[in-house]
Amino acid sequence: MIGIGLLMIRLVIGLSFMAHGAQKLFGWFGGYGLKGTGGWMESLGLKPGVTMALMAGLAELIGGLLFTLGFLTPLAAIMIAGTMVMAIVKVHAQNGYWSTQNGYEYNLTIIAVVIGVALIGPGKYALDALFF
């Protein structure tokens, strides 16, 4: 049952981050693509904006894919957690903890989940279990 639970966590988090990456990179799922996301990132002081959007989008897309597959799970967790740390620092920390006030509650929860999975392992239904 633990393997199924870990698979469920990896699917929800991983696929969600793949979608977030696709929003930034390609404008899919209601996203703004590199140009739009880059402009927003520049407004936060992250320059050059398009490059930063590309890096964030790739980290989310690739990190999400790896996390979903349970492949190189610690690397996937670092990629996802890194984007969440930046989101906290640049957007959410100033608003306090609660997500209802645009705070960092959700971001911190994601960090705890991905790092927790990386520390305990992705479970038996993961490529890491096959290869390592």
Side-chain angles (χ1 to χ4, degrees):
M1 294 309 254
I2 292 173
I4 300 282
L6 287 165
L7 176 62
M8 289 172 56
I9 292 167
R10 289 194 348 262
L11 288 174
V12 170
I13 299 296
L15 292 173
S16 293
F17 270 84
M18 288 175 67
H20 279 283
Q23 286 178 315
K24 288 175 180 67
L25 296 171
F26 314 119
W28 297 354
F29 312 114
Y32 298 103
L34 282 175
K35 201 171 203 181
T37 304
W40 175 72
M41 287 190 162
E42 289 231 1
S43 77
L44 298 173
L46 296 167
K47 296 179 182 179
V50 172
T51 301
M52 297 303 285
L54 176 65
M55 290 172 36
L58 288 172
E60 290 177 351
L61 184 71
I62 294 168
L65 176 63
L66 294 173
F67 200 76
T68 298
L69 298 173
F71 184 61
L72 303 174
T73 305
L75 175 62
I78 289 168
M79 293 171 82
I80 292 170
T83 63
M84 291 296 93
V85 168
M86 285 303 296
I88 289 170
V89 169
K90 295 306 274 182
V91 179
H92 300 287
Q94 66 191 10
N95 300 314
Y97 179 72
W98 301 109
S99 60
T100 53
Q101 279 82 47
N102 200 29
Y104 60 90
E105 173 186 13
Y106 173 76
N107 310 95
L108 188 61
T109 301
I110 294 296
I111 292 169
V113 169
V114 298
I115 298 300
V117 170
L119 290 172
I120 63 173
K124 67 180 182 177
Y125 303 110
L127 290 179
D128 283 350
L130 212 67
F131 296 115
F132 303 110

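Quick caveat: nothing in here was measured; it's all calculated off a predicted structure.
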For the student: nearest non-hydrogen atoms of [X] and [Y], plus distance:
X	Y	answer
Thr37	Ala53	CG2-CB, 3.8 Å
Ala129	Gly123	CB-O, 3.6 Å
Ala81	Ile115	CB-CD1, 4.1 Å
Ala126	Gly70	CB-O, 3.6 Å

*asked:* Test of understanding: with ring pair (Phe, Tyr, Trp, His ring centres under 6.0 Å), list the residues that count as partners of Tyr32, not counting sequence neighbours.
replied: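 Listed in chain order: nothing, the list is empty.
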
Out of curiosity, does [Y] fall in the hydrophobic cluster containing [X] (side-chain heavy atoms, cut-off under 4.5 Å, transitive links)?
X	Y	result
Met41	Val85	no
Val91	Trp98	no
Val117	Met79	no
Leu119	Leu75	no
Leu65	Ile13	no

Do [X] side-chain atoms and [Y] backbone N/O form a donor-acceptor pair below 3.5 Å?
X	Y	answer
Glu105	Ser99	yes
Thr83	Ile80	yes
Lys90	Leu44	yes

*So, do Phe132 and Leu72 sit near enough that their side-chain heavy atoms are less than 4.5 Å apart?*
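Touching, per the 4.5 Å side-chain cut-off.
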
*Parallel, tilted or perpendicular, as decided by the 30° and 60° cut-offs, for the rings of Phe71 and Phe131*: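 Taking Phe71 first and then Phe131, their aromatic rings stand perpendicular (interplane angle over 60°).
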
Roughly how far, to the nearest 0.5 Å, is [atom2] of [Y] from [atom1] of [X]?
X	Y	atom1	atom2	value
Ile88	Asn107	CD1	CG	5.0 Å
Thr68	Leu11	OG1	CG	6.0 Å
Ile2	Ile120	CD1	CD1	8.0 Å
Trp28	Leu61	CH2	CG	8.5 Å
Asn95	Thr100	CG	OG1	10.5 Å
Thr73	Leu6	OG1	CG	9.5 Å

_Any pair counted as salt bridge (Lys or Arg N to Asp or Glu O under 4.0 Å), so long as it reaches residues 20-34, sequence neighbours left out_ =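 Listed once each, the pairs are Lys24-Glu60.
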
*Which ring pair (Phe, Tyr, Trp, His ring centres under 6.0 Å) pairs, counting each pair once, include a residue from residues 76-96, with sequence neighbours left out?*
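Listed once each, the pairs would be none.
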
*Any ring pair (Phe, Tyr, Trp, His ring centres under 6.0 Å) pairs touching residues 102-127, not counting sequence neighbours?*
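Counting only pairs at least two positions apart or across chains, the ring pair (Phe, Tyr, Trp, His ring centres under 6.0 Å) contacts touching residues 102-127 are Tyr97-Tyr104.
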
_Under 4.5 Å side-chain heavy-atom separation, chaining through any Ile, Leu, Val, Met, Phe, Trp or Tyr, what else clusters with Val12? Say none if it is isolated._
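Noted: Val12 shares its cluster with no other residue.
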
*Applying side chain to side chain donor-acceptor pair (under 3.5 Å), which residue pairs with at least one partner in residues 39-48 are found, sequence neighbours left out?*
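Qualifying pairs: none.
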
